[in-house]
Engineer: 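Take this structure first; my questions come after.
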There are 2 protein chains.
Amino acid sequence: MGNSRVTLKDLAKELNLSPSTISRAISGHPAISDATRKLVQQKADELGFTPNSIASSFRKKKTQSIGIIVPKIDIHFHSLVISGIEEYAYSKGYNVTIFQSKDSFEREKEITRILQNRMVEGIIICLSNETKSYAHFKKFAKLGVPVIFYDRVPTNFNANKIVINDYESAFKATEHLIQQGCSRIAHIAGNQSTHIFKDRLEGYKTALKKYKLPIDPSLILETKNLTYEEGAECAKKMLALPELPDGLFCSNDYTAISAIQVFQKAHIKVPEQIAVVGFSNYPISRVIEPNLTTINDRAFQMGQAAASLLIRQIDDTDSFVEFETITLKTDLVVRASSMRKENIPNT
Amino acid sequence: MGNSRVTLKDLAKELNLSPSTISRAISGHPAISDATRKLVQQKADELGFTPNSIASSFRKKKTQSIGIIVPKIDIHFHSLVISGIEEYAYSKGYNVTIFQSKDSFEREKEITRILQNRMVEGIIICLSNETKSYAHFKKFAKLGVPVIFYDRVPTNFNANKIVINDYESAFKATEHLIQQGCSRIAHIAGNQSTHIFKDRLEGYKTALKKYKLPIDPSLILETKNLTYEEGAECAKKMLALPELPDGLFCSNDYTAISAIQVFQKAHIKVPEQIAVVGFSNYPISRVIEPNLTTINDRAFQMGQAAASLLIRQIDDTDSFVEFETITLKTDLVVRASSMRKENIPNT
DNA sequence: CTGAAAGCGCTTACAG
DNA sequence: CTGAAAGCGCTTACAG
């Protein structure tokens, strides 16, 4: 079947004009007369000409495409970020090519090679949880290809980063529990080798200190992956304590929800006997009964911010800025799971 | 900063070999001696040469990339499909470029133009809900670029499709409720202008007919978008009926879950007084209490199947097959929300 | 086993 | 306002 695309040359021949003129007419060069432009446009439509952007990319060394690496696309947080990136990039004429590292360091390295070959103009990445070395990103600095890290970002490595203030957010969440009258507040923590979960634990501790509450190690439960199942295990451990905590701050929503369900099955009332706060504001937090108080981590906005910073850096080739870190605001979304006093929930 | 990539020519000059030989050595052409191959590989590593795949794509007219169009990336179903596509495509050396139509027909058309210009080798798409005409896909047939539709697929239009049997699945779900002893079974239906929701309604009706149960129009509640909020409204309408249904089959999980919550707030027991079945097997179905019986629609596998079919069609340029429709198996995942008799749930 | 040459479809500096 | 010419970095049919 006629795999034959119509090219600039074909158009030129048809119209007895030079390819240069056709090229300029199509791309809206100002030096082309209106008459010629119209003529060319008409013929292009007639013959079904559309510019071959691979040829154009090759010639101009501008691919108008950016690469995204995420651990897994179907994690809701990442799909929101990707959605934000795509939306912004599309509005600026950039395409988005997606890769999953599957949390494999080797695969992440391989993907950076592919992205280099593909000549993407910039990269947005959430590191795999295996990644401890960042040498595979150094080549992009040499090539002038900006890289933006989000969520799981490198430590001890200069780079562009989009983050939220995990420490502050955790502080806010814990402080809220204290203000609701809780004094024995437990924490379900994420893997402490990941700095965002470390920061959340720190924020929790700082809030306790500020309000002169003791830090009780038996109330701090570290998990590997903050899974639904791990949340349930942690809740059971709390039930086995000599005295039940009266508040619980969890490093994500899954563990918060499974903990609530374990408590409820043990006929412990949430929030009356134990008030619970999660982290991320997943859709599920508005489904669980009672609705979950949680931190809105602005995943969609994070994607938009990452794309915006990236494209700004692609365009400003001779800026003096080497690296930028953008910290996004978070909100505490107060719902029923933590409401022990007469407040008005904000969602 | 030295934006200078090392090229084939540079390598050739360094080694006093022709660019042809370098090209063949790098791409593993069999006619190259081992000695030369090693020499070239070594020098390539030394100079940090990596092939420019844009140049290669341009020359070979093979971009090794496929385009995906989804209504919205952060809908869990689509993110699972995309994940399946990326996984399969990556294993075959294809890259995946993603676009969101945002359920806009105009944007969908615009995206197909971009994909044509970008010379993707194939396209996987879930149609926007505004799309009624498929003329914008015809150009790809002429160009020999295969297009695979999934989920929301065209009707009355010959095309490659990956689908599940919505009719059968709905039949299975409804039959299960009947076997659990329900005889007044309601249905929360999706928009009847979308064929998959029409099929689900048909499957429901057929099951009732088969078991000689009456079809009661007051028990069939159509929604616009099957949202959580619409599910709650429908449940309230059921509560207002002279007699409550004893079974409920919903066209998705969100409506099923909100209905369950409305029932529970009205002190109606699920499944004892009303047994509920959803559709999609979203993660949330294992969180709600009681856990939701639902149809596993195999979104990840749908993505893999779409990518596999697409790449098969890209490779088989001279096959006699014009179009293919693949129907995937679905499972009824039986959980507590529908268990009125002593069965063993399968998850 | 290796090389010389042509060309993929554009863009752009230079010239008029 | 328009054109001739060179070239982006590869690949491949042809030749030896």
Side-chain angles (χ1 to χ4, degrees), chain A residues 3-41 43-44 47-65 93 114 116-121 143-144, chain B residues 3-41 43-44 47-65 93 114 116-121 143-144:
Chain A
N3 264 32
S4 50
R5 289 175 73 105
V6 180
T7 70
L8 272 189
K9 261 193 196 166
D10 299 333
L11 263 185
K13 212 169 286 173
E14 281 283 325
L15 291 167
N16 272 320
L17 286 166
S18 74
S20 333
T21 302
I22 307 291
S23 171
R24 293 193 186 103
I26 293 287
S27 65
H29 191 105
I32 298 294
S33 74
D34 268 8
T36 310
R37 194 193 318 285
K38 263 178 212 153
L39 203 68
V40 171
Q41 195 53 61
K43 204 70 180 176
L47 302 185
F49 168 80
T50 65
N52 178 333
S53 51
I54 298 299
S56 161
S57 288
F58 171 51
R59 174 58 229 256
K60 294 199 283 187
K61 300 188 177 192
K62 286 274 294 173
T63 56
Q64 295 285 121
S65 74
I114 296 172
Q116 183 186 5
N117 293 350
R118 291 253 157 189
M119 305 225 304
V120 294
E121 297 191 46
L143 293 163
Chain B
N3 264 31
S4 50
R5 289 174 72 105
V6 180
T7 69
L8 271 189
K9 262 193 193 163
D10 299 333
L11 262 185
K13 213 169 284 173
E14 282 283 323
L15 290 167
N16 272 319
L17 284 167
S18 75
S20 332
T21 302
I22 307 292
S23 171
R24 293 192 185 103
I26 293 287
S27 65
H29 190 105
I32 299 292
S33 75
D34 268 10
T36 310
R37 193 193 320 286
K38 262 179 213 154
L39 203 70
V40 172
Q41 195 53 62
K43 203 72 181 176
L47 302 185
F49 168 80
T50 66
N52 178 333
S53 52
I54 297 299
S56 162
S57 288
F58 171 52
R59 174 57 231 255
K60 294 200 283 186
K61 302 190 176 188
K62 287 273 295 171
T63 55
Q64 294 286 120
S65 74
I114 297 173
Q116 183 186 5
N117 293 350
R118 292 253 157 190
M119 306 225 302
V120 294
E121 297 191 45
L143 293 163

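In what follows, chains carry the letters A, B, and so on, assigned in the order in which the sequence lines appear, proteins first and then strands, with residues in each chain numbered from 1.
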Engineer: Take atom NZ of A/K13 and atom P of D/dG3, then tell me their distance rounded to the nearest Å.
Structural biologist: 15 Å
Engineer: Mapping B/T36 and A/S56 to their closest nucleotides on DNA chain C, which lands nearer the 5' end?
Structural biologist: B/T36
Engineer: Restricting to side chain to side chain contact (heavy atoms under 4.5 Å, CB included), what partner residues turn up for A/I22, sequence neighbours left out?
Structural biologist: A/L8, A/L11, A/A12, A/L15, A/L17, A/I26, A/V40
Engineer: Nearest whole Å is fine: how far is C/dC1 C1' from B/D34 CG?
Structural biologist: 12 Å
Engineer: Quick check: closest heavy atoms across A/K43 and A/E14, and the distance to 0.1 Å?
Structural biologist: CE-OE1, 3.2 Å
Engineer: What is the distance, rounded to the nearest whole Å, between atom NE2 of A/H29 and atom P of C/dC10?
Structural biologist: 18 Å
Engineer: B/K38 NZ to C/dC1 P: how many Å, rounded?
Structural biologist: 13 Å
Engineer: Can you check the A/K60 NZ to C/dA13 C1' distance for me, whole Å?
Structural biologist: 16 Å
Engineer: Whole angstroms only, please: what is the CG-P distance between B/L11 and C/dG3?
Structural biologist: 13 Å
Engineer: Would you measure the distance from the C1' atom in C/dT12 across to the matching atom in C/dG16 and give it in whole Å?
Structural biologist: 16 Å
Engineer: Would you please name every residue forming a side chain to side chain contact (heavy atoms under 4.5 Å, CB included) with A/T63, sequence neighbours left out?
Structural biologist: A/S57, A/S65, A/M119, A/E121, B/I54
Engineer: From B/Q64 CD over to A/I114 CD1, what is the distance, rounded to the nearest 0.5 angstrom?
Structural biologist: 10.5 Å
Engineer: Listed by chain and number, what are the side chain to side chain contact (heavy atoms under 4.5 Å, CB included) partners of B/K60, not counting sequence neighbours?
Structural biologist: B/S56, B/K62
Engineer: Give a yes/no on whether any side-chain N or O of A/S33 is located under 4.0 angstrom from OP1 or OP2 of D/dT2.
Structural biologist: yes
Engineer: What integer distance in Å separates A/R5:CZ from C/dC10:P?
Structural biologist: 7 Å
Engineer: Starting from C1' on C/dC10, measure out to CZ on B/F58 and report it in whole angstrom.
Structural biologist: 6 Å
Engineer: For DNA chain D, determine which residues of residues 15-28 of chain B have any heavy atom closer than 4.0 angstrom to one of its atoms, and list them numerically.
Structural biologist: B/S20, B/S23, B/R24
Engineer: Please state whether the phosphate of D/dG9, meaning OP1 or OP2, lies under 4.0 angstrom from any side-chain nitrogen or oxygen of A/K61.
Structural biologist: yes
Engineer: Please name all residues satisfying side-chain hydrogen bond (donor to acceptor under 3.5 Å, both in side chains) with A/S27, sequence neighbours left out, ordered by chain then number.
Structural biologist: none
Engineer: Identify all stems in which DNA chain D takes part, counting only runs of at least 3 consecutive pairs (Watson-Crick or G-U wobble, each distance under 3.5 Å), and give each as one range with another, ordered by first number.
Structural biologist: C:1-3 with D:14-16, C:5-12 with D:5-12, C:14-16 with D:1-3
